[in-house]
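Working notes, beginning with the structure itself.
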Amino acid sequence: MFSRKNRRPKTPELLKAWQTLDEGDIPGALCQLRQGVDGGPLGEVALVVARAAGAAGFDDLHAAATALAARPEQARALYDFGYACIERGVPYLAIPALREALNRAPGSAAILRELVSAYEREGRHREAVDVLAARESELADWPDRYLLVFNAVMAGDLALARSRHALLSDPDDAMWLPARARQRRMLDRAASAEPVSPLDLGDLRGWQYVIGGTVLGTLSPYGFDAGMAGRYAWLQDSYDQCLRGLARLKAVLGAAGVRPTSVSLLPDRSSRILGLAAAEVLQLPTVPFAPEREDTVVVAYDLNDVAGAEQGPDILGGLFERAPGQVLHEHASNWTDPPVVTADSVALLHQSATAPWEGQLRADDDGNVERGAPDDRPAEEIAAEILAADPSPDEGDGEGPADPVERLTGFVTAVRGSWLRGDRAGLTSSGPVASSRFL
């Protein structure tokens, strides 16, 4: 008799993922699925996912995938599979299943919201807008029309966001009040930035401000027209770049009329080094970080590194609601893995960065690439090296636009009235929208 244990996918991309699992490579199989899942037969996709989930010990996803492999046409099985994929951090696997579930149960608000959640987590905000707008007559204001406005902003469609925001009623449930306030702040920031910033798809500084309230100090001069638009990919940071970022921070504070009285030092080594240098650039005394301290600049090298330090989660928790006059500056912010707290000022955006005092990659005399030893000198000595660096702009590959400091200060002068307002929770999701675990 035929046994389901002997079933194998037939689609070439999915079969390749299956063979990768034969080698015990679960991450490799998931990468294969990312490439081949969208157009693949969902029953075969579920076979591969069930096997991967079983090997990883994800019993909930294994059960949902096994059920979908048996009944790939059933809306409930499609929904349960999509939900489990989102919960296990693989929303790209959820999207095709939830799309099909919505086709089979077009009136289900639960499926619609779960699909929007998957799109958001994948950064596919335009598709989230399209699926919500196609059903606009059926939407409840909270959360559905709120989600339409949020995703319209994230997709760069301010006209749609504003028109639908104007239709939102007051929420009956108080849990939505912070979400409404945050959305209003986003639209207020857009209004303040529009006169001086194009807010087109290439306007990284403008959108960084609209979405998170962050002023971006420098733009990467490499690969601008290749899709980076001012972001760095893999960066070996330099003392010059560190000093350049601090000089831009000083210019931002001056243009905004913010006059801090101290620099607050965070405990992780990289942040302490940069904080000591910042104190000299700003000509301010240093103090230990205290969440209640007012009129201070809190300097972090990379907030994700702060999170991993001793007492890091408590420190970040103290930065969600900042004291009056407290400004959080982050030098190197990860744009593919954003920190849980959004900084007010960021020097640069990166995908992966190595600080100058960490072990950086270098080529030896034979051309082999090796990682150098970290610099274990005292933090004060390394900070002095930052201060002796050259803050002149990096010329880059010559393809990006000029970004003189005057352009930055002009932007800050225009938006100063909407800067430093509200909580600074990281905007990696749409706020307090929980997964809807019902059908």
Side-chain angles (χ1 to χ4, degrees), residues 213-218 237-303 305-307 309-333 339 341-348 355-358 375-391 405 408-409 412 416 419-421 424:
T214 299
V215 172
L216 179 60
T218 67
D237 203 3
S238 67
Y239 293 107
D240 292 348
Q241 181 67 66
C242 288
L243 185 57
R244 191 177 306 129
L246 293 177
R248 290 290 178 107
L249 168 63
K250 183 176 182 178
V252 166
L253 295 174
V258 176
R259 295 176 176 81
T261 59
S262 64
V263 169
S264 291
L265 299 180
L266 295 172
D268 65 290
R269 176 172 167 78
S270 290
S271 295
R272 179 175 175 80
I273 290 170
L274 195 67
L276 291 170
E280 294 296 324
V281 170
L282 300 176
Q283 297 184 316
L284 295 172
T286 61
V287 293
F289 170 72
E292 71 279 3
R293 194 183 306 281
E294 301 182 6
D295 299 322
T296 189
V297 180
V298 183
V299 175
Y301 181 83
D302 185 323
L303 285 168
D305 290 345
V306 175
E310 186 176 356
Q311 298 182 334
D314 291 337
I315 290 171
L316 295 183
L319 286 167
F320 278 107
E321 296 282 352
R322 308 231 242 282
Q326 189 181 91
V327 178
L328 176 59
H329 173 74
E330 182 183 22
H331 174 72
S333 189
V341 176
T342 299
D344 304 302
S345 166
V346 162
L348 61 90
W357 44 87
E358 295 177 351
D375 188 341
D376 59 1
R377 289 179 296 165
E380 291 77 6
E381 291 186 23
I382 300 178
E385 191 156 347
I386 294 176
L387 297 170
D390 180 4
V405 69
L408 172 63
T409 55
V412 174
R416 60 188 291 181
W419 194 41
L420 306 180
R421 291 189 177 182
R424 276 61 158 224

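The figures that follow rest on heavy atoms only: side chains count, while hydrogens, waters and symmetry mates do not. Because the structure is a prediction, the values reported are computed rather than measured.
At a threshold of 4.5 Å between non-hydrogen side-chain atoms, the residues Arg248 and Ser345 do not count as touching. With a 4.5 Å cut-off on side-chain heavy atoms, Ile382 and Tyr239 count as touching. Between Val281 and Leu249, the closest side-chain pair of non-hydrogen atoms is not below 4.5 Å. Side chains of Val306 and Pro339 form no contact here, defined as non-hydrogen atoms less than 4.5 Å apart. Here the side chains of Thr296 and Pro260 are not in contact, with every heavy-atom distance at 4.5 Å or above. Side chains of Arg293 and Ser262 form a contact here, defined as non-hydrogen atoms less than 4.5 Å apart.
The salt bridge (charged side-chain N to carboxylate O under 4.0 Å, His left out) search around Asp390 returns none, not counting sequence neighbours. Under the side chain to side chain contact (heavy atoms under 4.5 Å, CB included) criterion, Thr214 pairs with Gln208, Thr342, Val346, not counting sequence neighbours. For the salt bridge (charged side-chain N to carboxylate O under 4.0 Å, His left out) test, no residue two or more places apart in sequence or in another chain qualifies with Arg269.
Side chain of Arg244 to main chain of Gly217: no donor-acceptor pair is present (N/O by atom type, distance under 3.5 Å, no hydrogens or angles). Panel note: side chain Thr286, backbone Val263; no donor-acceptor pair is recorded below 3.5 Å. When atom types are taken as modelled, the side chain of Asp344 and the backbone of Leu328 share a donor-acceptor pair closer than 3.5 angstrom. Distance alone, capped at 3.5 Å, places no donor-acceptor pair between the Glu292 side chain and the Ala323 backbone. For Thr409 (side chain) and Ala251 (main-chain N/O), no donor-acceptor pair under 3.5 Å exists by modelled atom type. Distance alone, capped at 3.5 Å, places no donor-acceptor pair between the Arg322 side chain and the Phe320 backbone.
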Check against side chain to side chain contact (heavy atoms under 4.5 Å, CB included), Trp357 and Cys242: CA-CA 11 Å; Trp357 44 87; Cys242 288; 4.2 Å; yes
Verdict with reasoning, Gln326 to Leu319, per side chain to side chain contact (heavy atoms under 4.5 Å, CB included): CA-CA 9 Å; Gln326 189 181 91; Leu319 286 167; 3.6 Å; yes
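Note that OG1 of Thr261 and CG of Leu282 are 11.5 Å apart. Values are rounded to the nearest 0.5 Å. One finds the CD atom of Glu310 at 9.0 Å from the CD1 atom of Ile315 (value rounded to the nearest 0.5 Å). Expressed to the nearest 0.5 Å, how far CD of Glu380 lies from CD of Glu280 amounts to 11.0 Å. To the nearest 0.5 Å, atoms CG (Leu284) and CG (Leu253) are separated by 9.0 Å.
Taking each heavy atom of Ala277 and Leu387 in turn, the nearest pair found is O-CD2, 3.6 Å. Contact record, Glu358 with Ser270: OE2-OG, 3.9 Å, taken as the closest heavy-atom pair. The nearest pair of heavy atoms linking Ala355 to Tyr301 is CA-OH, 3.3 Å. Contact between Ala307 and Pro313 at its shortest, heavy atoms only, is O-CD, 3.5 Å.
Heavy-atom contacts from other residues, nucleotides or ligands closer than 6.0 Å to CD of Gln311 number 12 or fewer.
Just one of Leu274, Leu246, Thr218 meets the side chain to side chain contact (heavy atoms under 4.5 Å, CB included) condition when paired with His331; it is Leu274. With respect to Glu330, the side chain to side chain contact (heavy atoms under 4.5 Å, CB included) criterion is satisfied by exactly one of Val341, Val299, Leu303, Leu348: Leu303.
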